[in-house]
2 protein chains.
Amino acid sequence: MVLSYTEENYLKALFQLTRETLEKKEAGTNELAAHLGVKPATVNDMLKKLKDKKLIDYEKYGKIKLTKAGEKSGVEVLRKHRLWETFLCVKLGFAWDEVHEVAEQLEHIQSSKLIEKLDKFLDYPEFDPHGDVIPNAKGEMKIKYKVCLSDMTPGERCMMVAVKDNSAPFLQYVISVGLGINNVIKVISRNAYDELLQIEVEGKVSSVSRKFADNIFVVCQDCMKGKKCKKGCKG
Amino acid sequence: MVLSYTEENYLKALFQLTRETLEKKEAGTNELAAHLGVKPATVNDMLKKLKDKKLIDYEKYGKIKLTKAGEKSGVEVLRKHRLWETFLCVKLGFAWDEVHEVAEQLEHIQSSKLIEKLDKFLDYPEFDPHGDVIPNAKGEMKIKYKVCLSDMTPGERCMMVAVKDNSAPFLQYVISVGLGINNVIKVISRNAYDELLQIEVEGKVSSVSRKFADNIFVVCQDCMKGKKCKKGCKG
DNA sequence: TATATTTGTTAGACTCATCTAACTTTTGTA
DNA sequence: TACAAAAGTTAGATGAGTCTAACAAATATA
């Protein structure tokens, strides 16, 4: 489907507001308007067009959600933006704080061949100059989680986002503790001698070993709220 | 001055129609419409806007001419187009026949810093992949003329476009023969023994030496008519 | 030179993305 | 729960760039 420059911007914004965050899945008219720097009335008009094109799920007074097709387009624009930013810094010698505006223009260039070749020319980078993940050609964003449950301090809350060990025995163990992706974990205490962690998940308290905690990727509370993270949870 | 994507296209087209040719200096409404793929009525509306912005000289039913400001903008777009084409071929491995459409988009990216850096990255190329001259940062197009008056065959017509020798004595000699830039020269005959050429300029017949003819750059009749040149007169 | 053909212009309409101002629905809280 | 605040919607307008259809001027040619 051929999208206008403007439609692409709406889809990119929606992707950032609803997908590129661990919690939120829907956006509102005012929120989107603020993000794009236009008035809510303008957004409202565009929402009707995007719905007609089956790029968003949306009902009057309801929340806005990307469809599969809409997400595909949105993530593609984000991918292009970040690849161009990388090009500008790595190949042309721009400073990392100078590239955003130019990339806002470059991200709308229509040519899949160009993006393939640019990606190759840059040797398939995984992160842009700001450290944000660059979606791959399939639109997948492989976030490199770095913070484990064992990095948490007693008293902190975090959310499980991935596992390091994908073996069946480990996964079964995880389930038995009542844990799963997106579960919030409260770290109660850490035993100084054997590093046994006491954690609370959905009201249930369990003890887990250091080895277990090493294999659970988590994100901190800032990440959970969509704020800037100081720990670098997302790589 | 900030120009729209569309205005830039009109100025680029006008530059190509009126400047990037040795003879023509003005364009018509229909001609411009055909070049841009829009209707004459559309062009007519835009001409008024471009005139208001002092980018063209234009009177009702008259011919269209770029002003200095208009020419500056037009040549800048052309420069960007050709630099991007060069980038696509040289750095990304595109074939020379695949780059035009993408460059049509890229030429409108607004960032003088980007173009400076791209130019440097490409090592200040003088010609694009199609062999067309790339205007430099000042908008100058240094056409590398290759064909001299001495390359002409008796009976051919050509037009003087430049001199190789810029010394005052030579230039004075040129003037004495009645020659000047843009004069049409008809080659009447060549003496087989000493290569003396008999030429006719504005009705006046003169004889000039091989040495003289070697220092006069000319373009062939195809070039004069704006057609594709087979001799490579323009380098 | 008269007229046919080409070239250029005008008027009026359409789409897209945007706005303001007024209105309606939903939500949060006293 | 009632009502105020927040969020969302509608109607009507604007400007850019485009179109078609009809008209006017310039030019080429018989």
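Chain A is the first sequence line, chain B the second, and so forth, proteins listed ahead of strands; every chain is numbered from 1.
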Rounded to whole angstrom units, what separation is found between the [atom1] atom of [X] and the [atom2] atom of [N]?
X: E8(B); N: dG17(D); atom1: CD; atom2: P; answer: 11 Å
X: L32(A); N: dT9(D); atom1: CG; atom2: P; answer: 11 Å
X: L36(A); N: dA17(C); atom1: CG; atom2: P; answer: 13 Å
X: Y58(B); N: dA25(D); atom1: OH; atom2: P; answer: 14 Å
X: M46(B); N: dT10(C); atom1: CE; atom2: C1'; answer: 17 Å
X: E26(B); N: dA26(D); atom1: CD; atom2: P; answer: 15 Å
X: D45(A); N: dT14(D); atom1: CG; atom2: P; answer: 16 Å
X: L47(A); N: dT18(C); atom1: CG; atom2: C1'; answer: 14 Å

I want to check one thing: is the phosphate of [N], taken as OP1 and OP2, less than 4.0 Å away from some side-chain N or O of [X]?
X: T42(B); N: dC19(D); answer: yes
X: K48(B); N: dT10(C); answer: yes
X: Y5(A); N: dT18(C); answer: no
X: Y10(B); N: dA16(D); answer: no
X: S4(B); N: dA16(D); answer: no
X: K63(A); N: dA7(D); answer: no

Review point. Any idea how F87(B) and F121(A) line up, ring-wise: parallel (<30°), tilted (30 to 60°), or perpendicular (>60°)?
Key: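 Rings of F87(B) and F121(A): perpendicular, over 60°.
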Check your understanding: If you check the N44(B) side chain, which of dT10(C), dT10(D), dT25(C) turns out closest?
Key ->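 Taking heavy atoms from C-beta onward, the closest nucleotide is dT10(C).
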**Study point:** Closest listed nucleotide, where the reference is the side chain of V38(A) and the choices are dA26(D), dT9(D), dT18(C)
**Key:**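 In terms of side-chain proximity for V38(A), the closest of dA26(D), dT9(D), dT18(C) is dT18(C).
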Check your understanding: Checking all strands, does T6(A) fall into the base, sugar-phosphate, or nothing category for heavy-atom contacts under 4.0 angstrom?
Key ->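 Here T6(A) touches the backbone only, sparing every base.
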Check your understanding: Within 45° of the axis and under 6.0 Å from the centre of the six-membered ring of F94(B), does NZ or CZ of K117(A) qualify?
Key ->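 Satisfied, under 6.0 Å and within 45°.
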Exercise for review: Check each of H35(B), H108(B), M46(B) against N9(B) using the side-chain contact (heavy atoms from CB on, under 4.5 Å) test, and report the only one that passes.
Suggested key: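 Between N9(B) and the candidates, side-chain contact (heavy atoms from CB on, under 4.5 Å) is satisfied uniquely by H108(B).
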Point to revise | Given V75(A), L66(A), V77(A), L78(A), the one that forms side-chain contact (heavy atoms from CB on, under 4.5 Å) with L11(A) | key: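 That would be L66(A); it is the only one of V75(A), L66(A), V77(A), L78(A) passing the side-chain contact (heavy atoms from CB on, under 4.5 Å) with L11(A).
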Point to revise | salt bridge (Lys or Arg N to Asp or Glu O under 4.0 Å) involving E107(B) - partner list, sequence neighbours excluded | key: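 By the salt bridge (Lys or Arg N to Asp or Glu O under 4.0 Å) rule, E107(B) matches K12(B).
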Check your understanding: Of K39(B) and P40(A), whose closest DNA chain D nucleotide lies nearer the 5' terminus?
Key ->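 Counting from the 5' end, the first nearest nucleotide belongs to P40(A).
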Exercise for review: Tell me which of E7(A) and K60(B) sits closer to the 5' end of DNA chain C, going by the nucleotide each one is nearest to.
Suggested key: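 Here K60(B) is the residue nearer the 5' end.
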